[in-house]
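The analysis underlying the following values was restricted to heavy atoms, covering all of them including side chains, and did not include hydrogens, waters or symmetry mates. Computed from a predicted structure; not experimentally measured.
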Amino acid sequence: MNIITQKLFYFVGKAICSTYVIKRYEYFSNGGILTSLNLFATKFDDVVNVIERRADEHDYVLVDTPGQIEIFTWSASGAIITEAFASTFPTVIAYVVDTPRSESPNTFMSNMFYA
């Protein structure tokens, strides 16, 4: 097992603040997160450029997506981000399941559906 010691070099929370979007447009949390992801997707080429510029410094790039998988999986902006990575870099997508929370059959099957 390797421990990742690299510091975070790009944080979407500094580019788009979902709390601000929720308050500004009077959305509920999912609407604010989806709108924030849509806004971020419009500038995703900037993220790809940052990764390309620093490619010699790193062997791998780990990307964490929004906590609500439905937002990322079923939105157009999620597809834009995924396709931008896949068309530019060798890409692997991993879906991590919170196993203690997947003890019930309904939760387990829901997780398998998303995976």
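Summarising the geometry, atom CG belonging to D98 is positioned 10.0 Å from atom CD belonging to E103; distances are rounded to the nearest 0.5 Å. For the atom pair CG of N111 and CG of N106, the computed distance is 11.5 Å after rounding to the nearest 0.5 Å. The distance from atom CD1 of I71 to atom OG of S36, rounded to the nearest 0.5 Å, is 9.5 Å. Interatomic distance, F40 CZ to D46 CG, rounded to the nearest 0.5 Å: 8.5 Å. Note that SG of C17 and CZ of R24 are 13.5 Å apart. Values are rounded to the nearest 0.5 Å. The distance from atom OG1 of T19 to atom CD1 of I33, rounded to the nearest 0.5 Å, is 9.0 Å.
Scanning both residues, F28 and I22, for their nearest heavy atoms gives O-CG1, 4.0 Å. Considering every non-hydrogen atom in both G32 and V21, the closest pair reads O-CG1, 3.9 Å. What you find for S102 and T107 is that their closest heavy atoms are CA-CG2, 3.9 Å. Shown here for L37 and G78, the closest heavy-atom pair between the two residues is CD2-N, 4.2 Å.
Annotation: ring pair (Phe, Tyr, Trp, His ring centres under 6.0 Å) contacts of F113 (sequence neighbours excluded): none. For S18, the side chain to side chain donor-acceptor pair (under 3.5 Å) test picks out no residue, with sequence neighbours left out.
Put simply, the side chain of N30 does not reach to within 4.5 Å of the side chain of L34, judged on heavy atoms. Inter-residue side-chain proximity for T82 and T91 is flagged as unmet; no heavy-atom pair is nearer than 4.5 Å.
For the ring-ring contact (aromatic ring centres under 6.0 Å, His included) condition, the pairs that include at least one residue of residues 81-102, sequence neighbours left out, are F44-F85.
Atom CE of M112 is surrounded by more than 12 heavy atoms from other residues, nucleotides or ligands within 6.0 Å.
I80 and V50 sit in two unconnected hydrophobic clusters of ILVMFWY residues. Membership requires side-chain heavy atoms under 4.5 Å apart, directly or through other members.
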